[in-house]
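To start, the structure under review is shown below, and the notes come after it.
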2 protein chains.
Amino acid sequence: MAESKGTQSGESLLFLTDEQLRKGIEAMFFAYRGFTSDPDKILEAHGYGRAHHRAVHFIARAPGTTVNALLEVLGVTKQSLNRVLRALIAHELVESRVGKQDKRERHLHLTQKGLALEAELSQAQRTRMRRAFSQAGPDAVVGFKQVLEAMMDEDQKAYFNALKESDQ
Amino acid sequence: MAESKGTQSGESLLFLTDEQLRKGIEAMFFAYRGFTSDPDKILEAHGYGRAHHRAVHFIARAPGTTVNALLEVLGVTKQSLNRVLRALIAHELVESRVGKQDKRERHLHLTQKGLALEAELSQAQRTRMRRAFSQAGPDAVVGFKQVLEAMMDEDQKAYFNALKESDQ
DNA sequence: TGGGAATGTCAATGTGGCTGACATATGACG
DNA sequence: CGTCATATGTCAGCCACATTGACATTCCCA
């Protein structure tokens with residue numbers, strides 16, 4: 001896109017004061033609070049926490065994903081995820097199916113109950129996101145995504161840009 | 001700014017698919033992880049956590065702020081903040097001064113040690129923010145801030161837009 | 001003088017991270 | 001076949017950080 005001056009790799013070296021950057025930092029802080037507040041209320045009513053939401057979200061995004069893949073995208077230890085998954089499976093929100101090709105693997109799927117909770121959570125979050133996008137306008141949405149992607153670590157960008165893959 | 005169609009209050013009712021909104025949601029998730037990762041490493045080396053960072057940040061932003069004001073901006077209970085503040089004061093990163101006008105209030109200030117840690121933390125965070133802003137470009141920065149502000153709750157917007165005030 | 005505000009603190013509890021250790025089932029390879 | 005590695009599950013203990021509830025102190029103010 002825009003390569004006005006003489007910079008090589010898209011780094012346009014803006015004049016960014018510490019004060020402007022501080023505003024950006026605080027924007028992330030406050031916005032993330034708003035971003036999580038709606039699901040948090042729903043989760044509390046159901047007796048779950050943010051960890052359950054994250055697991056449910058990524059299982060919904062990639063049905064049939066394995067435990068290891070989920071561990072990587074969530075960035076937690078298996079012991080931490082296990083506690084969450086055990087509850088979700090016990091409450092019949094998640095189903096764990098033995099892999100057909102590799103029987104060591106467990107492929108995770110949401111049940112009807114799991115899909116219902118996921119729908120409730122993601123609808124609340126999408127409603128806020130839709131409102132924010134609509135208020136800010138289409139150009140702002142593009143900028144929003146560009147900045148956020150540039151803020152990620154490289155390995156996380158990969159997860160972000162990956163869509164779905166297997167099942168079974 | 002741009003009020004193209006015939007919408008009244010800046011809500012331009014974009015065509016936003018669930019998939020686009022999901023990308024926005026995941027962008028927030030992954031970007032926030034990157035956003036916090038640099039300070040987290042520094043904090044761990046010093047034996048502190050994210051809670052200490054938040055306290056130090058907002059004391060640095062508004063020197064002389066009171067405990068109550070800090071409680072409100074952080075959105076935690078006084079018992080939770082107390083544990084953090086006690087450690088920061090014991091380790092001489094924060095100084096608590098009795099108010100001159102209202103002696104019930106404690107006005108919080110960073111010491112030299114506190115300022116040093118805050119500088120280390122905020123510099124790491126600003127570096128990432130500066131890189132993201134530079135990669136994305138000035139227009140994207142504007143959009144980023146617009147969307148994030150629109151994602152906040154109303155009361156949090158007030159804290160976001162407030163600068164500093166008193167001291168003493 | 002009495003109520004309420006600002007602060008500090010103790011205790012108990014819950015969530016969600018972590019490390020370390022160990023067990024089981026299965027795949028892969030020589 | 002035997003061996004090693006992989007994928008998963010689980011137990012135990014620890015830590016950070018949040019909560020509620022209760023209570024004490026100091027101080028402002030009507």
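Per chain, numbering begins at 1; letters A, B, ... match sequence-line order.
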Query raised in the report: For A/Glu95, which residues count as a salt bridge (Lys or Arg N to Asp or Glu O under 4.0 Å) partner, sequence neighbours excluded?
Result: A/Arg97

Query raised in the report: Out of D/dT8, D/dT10, C/dA6, which nucleotide sits closest to the side chain of A/Arg86?
Result: D/dT10

**Report entry** Qualifying residues under ring pair (Phe, Tyr, Trp, His ring centres under 6.0 Å), relative to A/His46, sequence neighbours excluded
**Finding:** none

Report summary line: Sorted by chain and residue number, the salt bridge (Lys or Arg N to Asp or Glu O under 4.0 Å) partners of B/Arg106 (sequence neighbours excluded) come out as none

Requested in this report: List in chain and number order the residues that pass side chain to side chain contact (heavy atoms under 4.5 Å, CB included) with B/Asn68, two or more places apart in sequence or in another chain; answer none if no residue qualifies.
Outcome: B/Thr66, B/Leu71

**Report entry** Partners passing ring pair (Phe, Tyr, Trp, His ring centres under 6.0 Å) against A/Phe29 (at least two apart in sequence or in another chain)
**Finding:** B/Phe58

Query - Aromatic ring pairing B/Phe160/A/Phe30, orientation class (parallel under 30°, perpendicular over 60°, tilted between) - result: perpendicular

Requested in this report: Could I get the full list of side-chain hydrogen bond (donor to acceptor under 3.5 Å, both in side chains) partners for B/Thr36, not counting sequence neighbours?
Outcome: B/Arg50

Requested in this report: Check side chain to side chain contact (heavy atoms under 4.5 Å, CB included) between B/Ala119 and all other residues, then give those that pass, not counting sequence neighbours.
Outcome: none

Query raised in the report: For A/Val56, which residues count as a side chain to side chain contact (heavy atoms under 4.5 Å, CB included) partner, sequence neighbours excluded?
Result: A/Leu88, A/Leu110, A/Glu118

Report task. Would you mind building the protein contact string for nucleotides 17-24 of chain C? One character per nucleotide, 5' to 3', B for base within reach (heavy atoms under 4.0 Å), S for sugar-phosphate only, - for untouched. Result -> BSBBB---

Query raised in the report: For the helix from C/dT1-D/dA30 to C/dG30-D/dC1, how many degrees between its two end axes (five pairs per end), to the nearest 10°?
Result: 20°

Nucleotide N/O to protein N/O under 3.5 Å, stretch nucleotides 27-30 of chain D:
{"from": "D/dC28", "atom 1": "OP1", "to": "B/Lys103", "atom 2": "N", "distance (Å)": "3.4"}

Report task. Mind checking salt bridge (Lys or Arg N to Asp or Glu O under 4.0 Å) for B/Asp18 and listing every partner two or more places apart, or none if nothing turns up? Result -> A/Arg126, A/Arg130

